[in-house]
Amino acid sequence: MGIKGLTKLLADNAPKAMKEHKFESYFGRKIAIDASMSIYQFLIVVGRVGTDTLTNEAGEVTSHLQGMFTRTIRLLEAGIKPVYIFDGQPPELKKQELAKRFSKRADATEDLSEAREIGNKEDIEKFSKRTVKVTKQHNEDCKRLLRLMGVPVIEAPSEAEAQCAALCKSGQVYAVASEDMDSLTFGAPRFLRHLMDPSSRKVPVMEFEISKILEELNLIMDQFIDLCILSGCDYCESIRGIGGQTALKLIRQHGSIENILENINKERYQIPENWPYEQARELFKNPLVFSEKEHPEIKWGAPDEEGLITFLVNENGFNIDRVTKAIEKIKTAKNKSSQGRLESFFKPVANTSTPIKRKETSESAKETAIKKAKAAGGKKKK
DNA sequence: ACTCTGATTCAAGACGCG
DNA sequence: GTAATTGAATCAGAGT
DNA sequence: CGCGTCC
C-alpha cells in the first residue's frame, strides 16, 4: 500500500519538489530498483491470455524472465546502470497487514473458480491476475538472469525499499526508481517514478528530491515520517478521520505525533489501542539494511553469453536468435555508456544545443540517426 | 457549498510487423 | 511448511 | 497506430 495518498498530497502541497525529466537524461546514472514489484507485474501481465502465461517445456512460468530481460536491456541501452534490490524478511509489524492481504487473495481464488464454472472469460482473466504470487523460485530465476547479464544484484536483509534508500543516501547510486512511495519515507534523497513507463506510454519520469520536499513543506525528516504514518502506511493503522491533509495540518501545528495525541479531541478522533506508531517510526528511520561493507560490490560486468544461452534457450525455451541479438544489444550498450562516461560530464538535464566536442561527433551522429527513426507527427489528443 | 476521508474498482510489459 | 501490490480514479457520505 | 507475439 505504500503511503496512502502521498503523491497527491505532495502534488498539492509541494509541487516544486517534483520535476519532470526525460528518460534520456539519466544516461550514465546508477539507479537502484526494487525487483519484487517488477516481477509481480511481469507475472500478472506478460504474455497472459486468460490463465495462460509464457512457459518453458516443463510448464514453468517464464513471463518474469521475459519481462526482466527486455526491460533491463532497455535500461542498459539508455546508458542507465541498474542495480536490482531483492526483498528479505518482512518486519514483524508488517505481518498483520500481510495477513489481511492473504484473506483477500483467498476471496479472489473463490471468485476465480466461480468464474470458471460460469465460463466468463473476462472474469477468469481478471481474477486469475489477483491470485498471482511471487515465489522464491521466481526471485532466484531473476537473480540468476541479472547476474548472467552482468547486472549487480543485492539481497536486502529486510525491506528492499529501505535498502534502495540506503544505497542512495550513501551515494552508491544516483537515485531510487520505484512506483512505491515508501522510498521517500525511508529517506531516499532522489526518487524516480515512471522510469519504466516511457517506452509504451508517453509519461515523463517524475523526479522527487526529499530535501526539496522537506523545504517546501517546512518540515524536518522526523516530521515527514510522522506525516506518512498518520496518512496511512503498511506498518500500523492510522487514526480514523485523519487523512493526508489533516495530518499535514496537525504536524505543522504540533510538530510530532506525541504532541498531536496530547492536543486533539479524543472524542472526535478514536486513537487505536496499543498503537505502535513509535515502532513504525523506528522502521522508517532506522530500517534493517546492509552497509556498503556488508553487501557485495556493485559492479557492472560483461554478459556471460554462454550462460545466457544455456539458461534462456536451453532451460527456458527462448528463441536463440532473439537471445543472441539481445546479447549484442547489451554489449553495444555497454561500450557506448562506458565511453560516454569517460569523455564528458553529464548534467541532469540533457540539452541538445550544447556544442559537441570532436571525439564525440561520430557517436552522437549515430545516436541522432537512431532517434530520428522514432520521429512521428505526434499530435496530442484532439 | 466545500473539504476530506474511505470504500470500490481497475489496470498493470515490451516488441515488431503491416 | 514459504506467499502475502499498488496507486489512480471515482463516488458516496460525513464533517465543517 | 493496432494488434499479435514473446515462451
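Chain letters run A, B, ... following the sequence lines, proteins first and then strands; every chain starts at 1.
Regarding A:Asp321, its CG atom lies at a distance of 16 Å from the C1' atom of B:dC15, rounded to whole Å. Summarising the geometry, the separation between CZ on A:Phe102 and C1' on C:dA4 is reported as 8 Å, rounded to the nearest angstrom. One atom, CD of A:Gln41, and another, C1' of B:dA11, lie 9 Å apart when rounded to the nearest Å. In this structure, A:Ile44 places its CD1 atom 9 Å from C1' of B:dA11, rounding to the nearest Å. Straight-line distance from the CZ atom of A:Arg130 to the C1' atom of C:dT5: 12 Å, rounded to whole Å. For the pair A:Leu9 CG and B:dC4 P, the computed distance is 10 Å after rounding to whole Å. Atom CD1 of A:Ile39 and atom C1' of C:dA4 are 15 Å apart (whole Å). Computed from coordinates, the A:His138 NE2 to C:dA3 P distance equals 9 Å when rounded to whole Å.
Side-chain contact between A:Leu230 and A:Ile239 is present, with at least one heavy-atom pair separated by less than 4.5 Å.
Residue pairs meeting the salt bridge (Lys or Arg N to Asp or Glu O under 4.0 Å) criterion with at least one member in residues 224-233 of chain A, sequence neighbours excluded: A:Asp226-A:Arg281.
Put simply, A:Arg101 has a side-chain N or O that comes within less than 4.0 Å of OP1 or OP2 on C:dT5.
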Protein-proximity profile, nucleotides 7-16 of chain C, B/S/- by nucleotide at the 4.0 Å heavy-atom cutoff, equals SS------SS
N/O contacts under 3.5 Å, protein versus nucleotides 5-7 of chain D?
{"from": "D:dC6", "atom 1": "O2", "to": "A:Gln66", "atom 2": "NE2", "distance (Å)": "3.4"}
{"from": "D:dC7", "atom 1": "OP1", "to": "A:Asn319", "atom 2": "N", "distance (Å)": "3.1"}
{"from": "D:dC7", "atom 1": "O3'", "to": "A:Thr62", "atom 2": "OG1", "distance (Å)": "3.1"}
{"from": "D:dC7", "atom 1": "O3'", "to": "A:Asn316", "atom 2": "O", "distance (Å)": "2.3"}
{"from": "D:dC7", "atom 1": "O2", "to": "A:Thr55", "atom 2": "N", "distance (Å)": "2.9"}

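Residues satisfying the ring-ring contact (aromatic ring centres under 6.0 Å, His included) criterion with A:Trp275, sequence neighbours excluded, are A:Tyr277.
Both tests hold for A:Lys143 against A:Phe86: distance to the six-membered ring centre under 6.0 Å, angle to the ring axis within 45°. Under a cutoff of 6.0 Å and an axis angle of 45°, A:Arg71 and A:Phe42 do not form a cation-pi pair.
At the heavy-atom level, A:Lys126 lies under 4.0 Å from the strands shown only through sugar-phosphate atoms. Within 4.0 Å of A:Val61, counting heavy atoms only, lies no atom of the nucleic acid at all.
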Side chains of residues 241-249 of chain A: which donor-acceptor partners sit under 3.5 Å, not counting sequence neighbours?
none

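Both A:Ile239 and A:Arg71 lie near DNA chain B, and the one whose nearest nucleotide falls closer to the 5' end is A:Ile239.
When distances are taken from the side chain of A:Tyr40 to each of C:dT5, B:dA7, B:dA14, the shortest belongs to C:dT5. Minimum atom distance to the side chain of A:Arg240 is reached by B:dG6, of the listed B:dA14, B:dG6, C:dA4.
Spacing between B:dG13 and C:dA8 at atom P, rounded to whole Å, works out to 13 Å. Taking the C1' atoms as reference points, B:dA7 lies 39 Å from D:dC7, given to the whole Å. Atom P of B:dT9 sits at a distance of 33 Å from the matching atom of D:dT5, rounded to the whole Å.
Looking at every heavy atom in both residues, A:His254 comes nearest to A:Asn259 through O-ND2, 3.1 Å. Across all non-hydrogen atoms, the minimal contact from A:Leu195 to A:Leu192 is CD1-CD1, 4.3 Å.
For A:Glu155 and A:Arg147, the salt-bridge test passes: some basic side-chain N is under 4.0 Å from an acidic carboxylate O.
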Worked check of side-chain contact (heavy atoms from CB on, under 4.5 Å) between A:Asp123 and A:Ile118 | CA-CA 9 Å; A:Asp123 279 0; A:Ile118 299 169; over 6 Å; no
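A donor and an acceptor atom, one from each side chain of A:Glu294 and A:Ser291, are located under 3.5 Å apart. With hydrogens and angles left out, the side-chain atoms of A:Gln172 and A:His295 include a donor and acceptor closer than 3.5 Å.
The stretch residues 242-257 of chain A comes close to DNA chain B through A:Ile242, A:Gly243, A:Gly244, A:Gln245, A:Thr246, each having a heavy atom under 4.0 Å from the strand.
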